[in-house]
Amino acid sequence: MPLLRSAPLRYLLLVLACWLGLFALTRSILLIGHWSEASLALSDLPALFLTGLAYDLGFLAYAAVPLGLYLLLCPASLWRRRGHRVWLHALLAVSLFAMLFSALSEWLFWDEFGVRFNFIAVDYLVYSEEVIHNILESYPVFRLLGAIAVLAIGLTLALRPLVRRALDAELPPLRQRLAGFALLAAGCGLGFALLDQQHPRGLGGNAYQHELASNGPYQFFAAFRNNELDYQQFYPTLEMSKVAGLLRQELQEPNARFNDGEPLNIRRQIDNPGPASKLNVVLVTIESLSAKYLGSFGDSRGLTPNLDQLRQHSLFFNNVYATGTRTDRGLEAITLSMPPTPGRSIVKRIGRESGFASLGQQLAVQGYDSVFVYGGRGYFDNMNAFFGGNGYRIVDQSSVPEQDIQFANAWGMADEDLYAQAMKVADADHAAGKPFLLQLMTTSNHRPYTYPDGRIDIASGDGREGAVKYTDWAIGDFLAKARQKPWFDDTVFVFVADHCAGSAGMEDLPVANYHIPLFVYAPKWIQAREDGQLASQIDLAPTLLGLLGADYESTFFGRDLLQPHSNPPRVLIGNYQHLGLFDGQNLAILSPNRLMRRHDDALGASREHTASRDDALIDRDIAYYQSASYAFSHGLLTWHGKLPAGTTLGLAAETTN
């Protein structure tokens, strides 16, 4: 066949074969490194690699279009020039470097998150400054790039005979070359029709098998394209009346009165007995603090002596679960008391992230100074816009004088510097006679795991264990200094994680990897005890407002954990596409293409099976997520109250000196 003997096509096929070979090698290395987690029988390997090949070809069909178009339309006079041949050799070297760089990036990303490229990788491009500095501080980047460059040049030299033979082949007429490009375009169309993020990789097997069968670059561009998913279009639904009835049963409390109006409007009046206490609140959201790190949960490494001691003096909730696997999901859940709707979190939905009845908004209307205090730069993850548009003023790294920052890395100030800034705000508000809500977000328990020297007995940058122990040290140091302040006795301290340190597992939603601690500490006001009820991050805001005795109009999906109720237990967990409800034993999962699954004994020997519409757990799952998505898209979660005179909703970055 003349077309297969053509020089442009042979060169293109050589480049694509190199990509395919590297994709297969990457898949094999990841498989070998995670063989036990994948739980594969040898008989399963052909299906995994064939599925992977389909995704590899699907990606290459798209990626090859620009190069294919150039090669197939290149004029014969240009093709035969010596300089052009040199350029094509150089192009192969650059392509090989890009292949190796992609493979290395996939390996490092998998090592951190246990998955192929996804939303996180897309975000890392958007917030490139923090990410680049983090990578430079975490890995020997220039040595790795140098090694990749040397390897790419070596492979290019090894492939020179094959490249020469390809370039020396005949150059068919333009008409025949256009036929070749038509075949390439047909391949793109076929890949678009037959492949998506779930099919065929999601047919059977566990989450590790799904990820191994996929293609990293394909997943990256698919995540970029699908950064928001319409619930009504992609997920199972119920009749509106049934959703409304189920949700009101879930949210009914003795002190709640639902407003009349649209059935899916959960707006209700919360009447707490007695006068509001006007206690100050310091709410610390801790980066990546999995429950498993606490010694009081059985960890024998002694990483959290201060938190283990604090547990004995706090109202400690020991059965709490994060809603997601990213900081923005934790902040969304804690601040808005919202389930994780599919796609991006509300925090990052630029242009639609403000005007909600947030925790800060509820307290601002009662005279509090609501302040978001962040150790990094608040434009990351759109945090400044989110908090500034929802009743908070902002104190972040960019608004702190340099002389007040003793240590910083790619992600921001060390935790001790963050706490120092928070105490300055608290001192100023106390002097002005104003109650405060300080909502903090820490950064130190994050790669590159660096912190000031001399604080703990693990060297800075030595890994996660050191970061956890420094995080714990900083909390102990903060509370010791806070106890000397005149506002300490009238302050409620809350410590909660934003998410766990790792989210990878054999299931799409590994429940155990969402388990986090929650401390509520106010020795003068709150009796120390343990509470083992199943609880979610979305329950924190209504519980805190109930503890303060505040009356308010609620749009929260959470429950007041201190109110007596007979509602069935539940926590809501998810990632950007899978949406789960866990009742303490079993887990219901909703996925795109209207898939419904159920894991029985989700914390033990979990067994997955397809669920039906007559499953009560599935119905509860649908009710929460369908109503949350509907309420967000139809403006049912917005703030309707008025703020005190002089209070604004705008973004205000404040210095604290």
Side-chain angles (χ1 to χ4, degrees), residues 113-115 118-119 197-198 202 205-208 210-211 229 231 234-238 243 246-247 250 290-291 319-326 328-330 332-333 337-345 497-500 502-516 534-539 557-559 567-613 615-629 632:
F113 300 104
V115 293
N118 59 13
F119 259 18
Q197 283 180 287
Q198 290 302 308
N206 60 40
Y208 278 101
H210 301 165
E211 295 296 330
L229 295 173
Y231 185 92
F234 291 102
Y235 290 87
T237 58
L238 295 170
V243 170
L246 283 171
L247 199 63
E250 294 283 333
S290 306
N319 201 16
V320 180
Y321 290 81
T323 61
T325 60
R326 297 294 313 283
D328 55 288
R329 281 300 188 193
E332 170 190 69
S337 186
M338 274 281 293
T341 51
R344 287 184 181 275
S345 70
D498 61 345
H499 56 79
C500 286
S503 58
M506 294 176 66
E507 296 84 24
D508 290 317
L509 298 176
V511 177
N513 290 354
Y514 289 76
H515 188 203
I516 59 172
L534 191 66
S536 168
Q537 282 175 321
I538 69 172
D539 300 323
F557 284 78
R559 303 167 175 171
N567 301 343
R570 59 88 190 100
V571 292
L572 302 161
I573 63 175
N575 55 32
Y576 67 93
Q577 55 181 331
H578 302 298
L579 310 172
L581 184 147
F582 175 58
D583 68 358
Q585 180 176 1
N586 304 317
L587 171 68
I589 301 178
L590 311 176
S591 299
N593 298 318
R594 304 188 185 277
L595 297 178
M596 299 177 292
R597 291 169 291 154
R598 179 183 173 116
H599 284 269
D600 295 328
D601 190 16
L603 288 176
S606 179
R607 301 183 303 278
E608 178 185 316
H609 57 82
T610 303
S612 61
R613 286 302 182 96
D615 188 318
L617 191 65
I618 291 290
D619 286 351
R620 293 177 67 200
D621 199 4
I622 294 173
Y624 271 103
Y625 291 106
Q626 182 177 339
S627 61
S629 297
F632 171 72

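- In this structure, F582 and Y321 have perpendicular ring planes: the angle between them is above 60°, well past the 30° mark.
- In plain terms, the two heavy atoms of S337 and G558 that are nearest each other are OG-N, 2.9 Å.
- Taking CG from D619 and CD from Q626, the interatomic distance works out to 10.5 Å, rounded to the nearest 0.5 Å.
- Considering every non-hydrogen atom in both P236 and S591, the closest pair reads CD-O, 4.3 Å.
- Here the closest heavy-atom approach between residue V511 and residue A602 is recorded as CG2-CB, 3.9 Å.
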Legend entry - CA sep, side-chain torsions, deciding dist, call: L579, Y624, side-chain contact (heavy atoms from CB on, under 4.5 Å): CA-CA 10 Å; L579 310 172; Y624 271 103; over 6 Å; no
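- Not counting sequence neighbours, the partners of N586 by the side-chain contact (heavy atoms from CB on, under 4.5 Å) test are D583, R598, D600, L617.
- Rounding to the nearest 0.5 Å gives a distance of 10.0 Å between CD of E332 and CD1 of I538.
- For the residue pair M596 and I618, the shortest heavy atom distance occurs at SD-CG2, 3.6 Å.
- Looking only at distances, a side-chain donor or acceptor of Y625 sits under 3.5 Å from a matching main-chain atom of G580.
- Within the 4.5 Å cutoff, the side chain of H578 has no heavy atoms near those of the L590 side chain.
- R559 places a side-chain heavy atom less than 4.5 Å from the side chain of E250.
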Legend entry - salt bridge (charged side-chain N to carboxylate O under 4.0 Å, His left out) assessment of D539 paired with R570: CA-CA 11 Å; D539 300 323; R570 59 88 190 100; 2.8 Å; yes
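- A distance of 6.0 Å separates CG of L247 from CZ of F557, quoted to the nearest 0.5 Å.
- Note that OG1 of T323 is 8.0 Å distant from CD1 of I516, once rounded to the nearest 0.5 Å.
- Contact detail for H499 and G324: the closest heavy-atom pair is CB-O, 3.5 Å.
- The side-chain heavy atoms of N575 and R329, taken from C-beta on, include no pair separated by under 4.5 Å.
- Rounded to the nearest 0.5 angstrom, L581 CG and L587 CG are separated by 8.0 Å.
- Of the options S627, S629, P592, a side chain to side chain contact (heavy atoms under 4.5 Å, CB included) to Y231 is made by S629 and by none of the others.
- Of the inter-residue distances, the one linking D328 atom CG with R344 atom CZ reads 8.5 Å to the nearest 0.5 angstrom.
- Counting heavy atoms from C-beta outward, I622 and Y235 have side chains that stay 4.5 Å or more apart.
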